[in-house]
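Keep in mind that what you see is a predicted model, and the values were worked out from it rather than measured. Just so it is clear: chains get the letters A, B, ... in the order the sequence lines come, proteins before strands, and each one is counted from 1.
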Protein chains: 2
Amino acid sequence: MTQLDLEEHPTSAAPANAAPANAAPANAAPANAVPANRVGRPLDVTRDADILDAALDVLAEVGYDGMTIDMVAARAKAGKATLYRRWPSKTELVIDAVACMKNSDIDPDNLPDTGTLRGDMIAMIKPPTIRDGEKKLRVMAGLISLLARNPELADVAHNAVIAPRARLNRILLQRAIDRGEIRDDLDLALIANISPSMVTYRTMMLRKPVDRDFLVSIIDKVILPAVGLGSEDAGRR
Amino acid sequence: MTQLDLEEHPTSAAPANAAPANAAPANAAPANAVPANRVGRPLDVTRDADILDAALDVLAEVGYDGMTIDMVAARAKAGKATLYRRWPSKTELVIDAVACMKNSDIDPDNLPDTGTLRGDMIAMIKPPTIRDGEKKLRVMAGLISLLARNPELADVAHNAVIAPRARLNRILLQRAIDRGEIRDDLDLALIANISPSMVTYRTMMLRKPVDRDFLVSIIDKVILPAVGLGSEDAGRR
DNA sequence: TATATACGGTACCGGCGAGTTTCGGAACAC
DNA sequence: GTGTTCCGAAACTCGCCGGTACCGTATATA
């Protein structure tokens, strides 16, 4: 119970900027102050997303230390100056790139509602979702050794990758509680992290692929028993 | 040069040697094969363990990319030449250091045997074991981004850190099956990875401490239900 | 048109770190 | 002893990469 709160309101942190435009630091005059009285060619805002996407690709492939600014620029078909006009350093670029990662296909307000916890969880297993998750995990893998020494990056990564997964599971679990399907005294913080934990471990440590069978096994053989739905033969797959 | 060194230093092939803090290498036969026809001062074998330990410390603190040879040499109070006389490159040194990681206090042949699965698992929760596990996880965290591109390192890390954890759990589970405490058609590969997965995730991703309460929660609220021992009130903690 | 800035591309600078060499001294084989 | 190799320490080479400056061109304001 006491540890719940850390994962309960993680949205309170900074990144409210949905637009890929630059963040607060260094740049004296971000989006609103400058362009009013600025002359000359304006920044091409369409380049931002290309650069951030390129940064995430490189990050996922070679990690933070293996990533060079030239790689990102080349992948985005941009000049290095174009990057440094937007972000003051490699670190800031990476922080922005991670912060702007999108859920890509999962909408927290429009989750499957099948009437049963198992149905909801199975319904969330979709190839695009799996692929999106693997990409994010590869990005996280490239950042892990930095998190300990860069609290800002750790915060951003948590809000963009870690927290959303547990949050979705919590919503499904809470619904099941509300409809009386499962008990109401469960350790939701623990149970909501079962699947993220085992998927992450399988990807990063065991280096084995995450497929549908594995995800179904987690649901039927671990999560459902943990919430008291396992003994009935429903989930014998 | 490389061939000679490979035969010379006691690496992964070395048997029970390479204890931390330079245990007596009395049985160290590694210097047997080569020095037959060698003249001059022999390699001081007691330096090897110091260097490997220093490498693991630095690795755990700053990760592979943050680690420099000078850091390791300084921590081991050795000269860089002393390192390069033993390992041809930074990568080889790290591979050897990881391969020589020891379980330090867990002996697979002498596990607790309390008569119940829960008792065995609870008995394995000991502060030294937790600390040892956290150190290994920090080392792993510093290597993750490399594993994808260095299969040899991935292999060594798997054998030294990943596999032993699951193996212990499997032994305990198999015992419980043999004595008829739990069913014999369980997915042991999945269940044996529950605890390693959740501990790893909590350490690396959530960046929260692993304490006794957390480990007990995993056992009582996740693992025991998964093996069919949850509904009885034994583990309600 | 005149001015100012962004664009992709490239050359350049400075620091850092892997790996090598050298040094005075010490430990072993012969 | 004598020669060879090891030791810790420090100086050195060399390539890589973050970051800057500059080019010719493109696109905006006035």
Side-chain angles (χ1 to χ4, degrees), chain A residues 21-22 25-31 33-51 54-55 58-59 62-95 97 146 150, chain B residues 1-2 4-5 7-10 22 30-32 34-51 54-55 58-59 62-95 97 146 150:
Chain A
N22 57 5
N27 253 345
V34 170
N37 55 355
R38 263 275 287 278
V39 299
R41 178 175 174 176
L43 279 170
D44 179 357
V45 291
T46 69
R47 307 304 293 123
D48 295 31
D50 291 339
I51 295 168
V58 176
L59 218 44
V62 300
Y64 179 86
D65 295 287
M67 156 182 163
T68 71
I69 296 293
D70 295 84
M71 283 187 208
V72 178
R75 168 112 28 160
K77 296 189 207 309
K80 289 170 67 174
T82 302
L83 274 70
Y84 280 103
R85 232 171 258 124
R86 288 163 167 77
W87 297 276
S89 70
K90 175 181 173 179
T91 302
E92 300 286 335
L93 165 62
V94 168
I95 289 175
L146 290 183
N150 190 330
Chain B
M1 154 188 188
T2 52
L4 263 159
D5 280 350
E7 300 176 29
E8 237 170 327
H9 59 75
N22 121 51
N32 268 356
V34 170
N37 52 357
R38 262 276 286 274
V39 299
R41 177 177 175 177
L43 278 170
D44 179 358
V45 292
T46 69
R47 307 302 293 125
D48 294 31
D50 291 340
I51 294 168
V58 175
L59 218 43
V62 300
Y64 178 86
D65 296 288
M67 155 182 164
T68 71
I69 297 293
D70 295 84
M71 282 188 206
V72 178
R75 169 111 31 159
K77 296 191 209 308
K80 290 170 66 176
T82 302
L83 274 72
Y84 280 103
R85 232 172 259 122
R86 288 163 166 76
W87 297 275
S89 71
K90 174 181 173 179
T91 302
E92 300 285 333
L93 166 63
V94 169
I95 289 176
L146 290 185
N150 191 330

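- Comparing B/A76 and A/T91, the nucleotide of DNA chain D nearest to each residue sits closer to the 5' end for B/A76.
- Taking atom CG on B/L43 and atom C1' on C/dA29, their separation rounds to 15 Å, with Å as the unit.
- An OP1 or OP2 oxygen of C/dC7 is reached within less than 4.0 angstrom by a side-chain nitrogen or oxygen of A/R85.
- Applying the 4.0 Å criterion to OP1 and OP2 of C/dA6, one finds that A/T82 has every side-chain N and O outside that range.
- One can find a donor-acceptor pair under 3.5 Å joining the base of C/dG19 and the side-chain atoms of B/K80.
- Listed by residue number, the members of residues 63-73 of chain A with any heavy atom below 4.0 angstrom from DNA chain D are A/M67, A/T68, A/I69.
- Summarising the geometry, atom CG belonging to B/D65 is positioned 6.0 Å from atom NZ belonging to B/K90; distances are rounded to the nearest 0.5 Å.
- Taking atom CG of B/L83 as the reference point, atom C1' of C/dA18 lies 12 Å away to the nearest angstrom.
- Checking C/dA18, D/dG19, D/dC6 against every side-chain atom of A/Y84, the shortest atom distance belongs to D/dG19.
- Of the possible polar contacts, none joining the B/R86 side chain to the B/L43 backbone as a donor-acceptor pair under 3.5 Å is found.
- Taking atom CZ of B/R47 as the reference point, atom C1' of D/dG8 lies 9 Å away to the nearest angstrom.
- Side-chain proximity of B/A78 to C/dG9, D/dG18, D/dG8: nearest is D/dG8.
- Listed here is the closest heavy atom pair of A/M67 and A/A55: SD-O, 4.3 Å.
- You'll find the side chain of A/T91 reaches within 4.5 Å of the side chain of A/Y64, heavy atoms only.
- Note on A/D50 versus A/K77: no salt bridge recorded, every NZ/NE/NH1/NH2 to OD/OE distance being 4.0 Å or above.
- Note: CG (A/D50) to P (C/dC7) measures 12 Å, nearest angstrom.
- The two residues B/R75 and B/A54 make their nearest non-hydrogen contact at CG-CB, 3.4 Å.
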Check the interface with nucleotides 26-28 of chain C: list each N/O to N/O pair with the protein under 3.5 Å, or write none.
unit_1 : atom_1 : unit_2 : atom_2 : d
C/dA26 : N3     : B/R41  : NH1    : 3.4

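- Residues A/L93 and A/I51 have side chains in contact (heavy-atom distance under 4.5 Å, counting atoms from C-beta outward).
- The CZ-P distance, from A/R86 to C/dA6, rounds to 9 Å in whole Å.
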